[in-house]
Colleague: 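Once you've had a glance at the structure underneath, I'll fire off some questions.
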Amino acid sequence: AQKVTQAQTEISVVEKEDVTLDCVYETRDTTYYLFWYKQPPSGELVFLIRRNSFDEQNEISGRYSWNFQKSTSSFNFTITASQVVDSAVYFCALSDPNTGNQFYFGTGTSLTVIP
Amino acid sequence: GAVVSQHPSWVICKSGTSVKIECRSLDFQATTMFWYRQFPKQSLMLMATSNEGSKATYEQGVEKDKFLINHASLTLSTLTVTSAHPEDSSFYICSARDDRGTFYEQYFGPGTRLTVT
């Protein structure tokens with residue numbers, strides 16, 4: 001069965017600090033997709049990244065970077081030099097093409113960046 | 001980019017009444033749409049998978065007669081909460097799966113906040 005675990009429920013950091021949000025997933029499938037979404041207080045999910053299971057290259061986008069390691073089934077997300085606007089709930093999710101691309105969401109990590 | 005809209009964005013209704021929430025894919029066709037429910041400070045939980053032209057598939061524990069789903073066209077799915085009760089108050093999010101391409105990219109709507117008084 002598919003499962004996504006975000007062990008960190010809440011994180012607080014001071015502005016300009018770096019922060020890493022952990023995500024561990026479980027799946028028996030060899031083809032799958034991993035995602036990160038940001039959910040600000042407004043509630044709308046903001047897409048951050050999609051990664052397929054065959055692409056283990058790390059990715060950097062501005063202050064955001066992602067570390068995908070199949071060996072440990074992890075897909076961690078790092079925010080460098082955090083800003084107050086980064087305060088939100090972040091969800092990691094797994095999508096399985098074998099079940100119609102149904103999404104399996106983690107429980108989310110609430111990030112608070114303190115000015 | 002692909003856009004999914006939801007209407008209304010928020011709604012307050014009285015206990016015992018029904019409320020309909022619409023999910024539309026604005027610039028692509030979506031044979032399949034998904035409905036999620038999110039309680040405060042919790043994750044998104046899949047309620048049902050909506051397929052155009054056929055019956056929705058509900059997740060275990062979701063009452064079919066209470067949460068009526070109609071996927072009438074390739075761009076519209078509706079969720080009707082019947083005989084709403086305060087415990088149905090939640091944030092409802094839909095997503096639409098783009099029929100184009102091989103990956104079937106999925107896009108999320110902005111959500112509908114339902115409050116039942």
Side-chain angles (χ1 to χ4, degrees), chain A residues 1-12 21-26 29 31-55 87-112, chain B residues 1-11 21 23 30-52 54 56-60 71 89-115:
Chain A
Q2 289 79 359
K3 185 180 179 182
V4 176
T5 301
Q6 294 180 254
Q8 304 151 309
T9 305
E10 296 181 357
I11 299 177
S12 291
L21 309 182
D22 298 332
C23 174
V24 175
Y25 63 92
E26 296 176 28
D29 296 318
T31 301
Y32 52 89
Y33 299 87
L34 296 167
F35 300 78
W36 276 95
Y37 285 87
K38 174 182 180 180
Q39 188 178 43
S42 64
E44 183 167 359
L45 288 175
V46 178
F47 168 81
L48 297 177
I49 190 172
R50 180 187 86 201
R51 173 68 74 226
N52 74 54
S53 53
F54 300 107
D55 182 3
S87 297
V89 179
Y90 291 85
F91 289 99
C92 179
L94 171 75
S95 173
D96 181 359
N98 295 314
T99 57
N101 278 10
Q102 177 180 329
F103 271 59
Y104 301 87
F105 283 90
T107 49
T109 297
S110 178
L111 173 66
T112 300
Chain B
V3 178
V4 174
S5 69
Q6 279 185 242
H7 178 79
S9 55
W10 60 270
V11 58
I21 302 170
C23 177
T31 302
T32 302
M33 294 185 178
F34 301 89
W35 286 95
Y36 297 84
R37 180 168 54 184
Q38 185 181 29
F39 291 110
K41 298 195 175 184
Q42 293 189 25
S43 187
L44 284 77
M45 299 302 298
L46 179 66
M47 298 175 65
T49 302
S50 168
N51 296 296
E52 188 271 337
S54 63
T57 303
Y58 290 82
E59 295 300 300
Q60 192 172 8
H71 198 144
S89 298
S90 186
F91 191 56
Y92 293 86
I93 302 176
C94 73
S95 69
R97 198 181 76 179
D98 192 339
D99 287 346
R100 299 168 297 184
T102 56
F103 168 68
Y104 299 124
E105 189 77 54
Q106 204 174 128
Y107 302 94
F108 286 87
T112 296
R113 199 166 299 278
L114 170 64
T115 301

Colleague: Counting only non-hydrogen atoms closer than 4.5 Å, does A/Ser42 touch chain B with its backbone (N, CA, C, O), its side chain (CB onward), both, or neither?
Modeller: backbone
Colleague: Please check if the distance between the ring centroids of A/Phe103 and B/Phe108 is under 6.0 Å.
Modeller: yes
Colleague: Give, for atom NZ of B/Lys41 and atom CD of A/Glu10, the distance between the pair rounded to the nearest 0.5 Å.
Modeller: 6.0 Å
Colleague: Indicate yes or no for a side-chain donor-acceptor contact from B/Ser43 to the backbone of A/Gly106 under 3.5 Å, with no hydrogens or angles considered.
Modeller: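 It does hold such a pair.
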Colleague: Determine whether B/Phe91 and A/Gln39 make a side-chain contact, defined as any pair of heavy atoms from C-beta on separated by less than 4.5 Å.
Modeller: yes
Colleague: What is the minimum heavy-atom distance between B/Gln38 and A/Phe91, and which atoms define it?
Modeller: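 Looks like NE2-CZ, 3.4 Å.
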Colleague: So which part of A/Tyr37 gets closer than 4.5 Å to some heavy atom of chain B, the side chain, the backbone, both or neither?
Modeller: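 The side chain, not the backbone.
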Colleague: Checking heavy atoms, do the side chain of B/Leu44, its backbone, both or neither come under 4.5 Å from chain A?
Modeller: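 When you check distances to chain A, atoms from both the backbone and side chain of B/Leu44 fall under 4.5 Å.
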Colleague: Could you tell me which portion of A/Gln6 (side chain, backbone, both or neither) has an atom closer than 4.5 angstrom to a non-hydrogen atom of chain B?
Modeller: neither
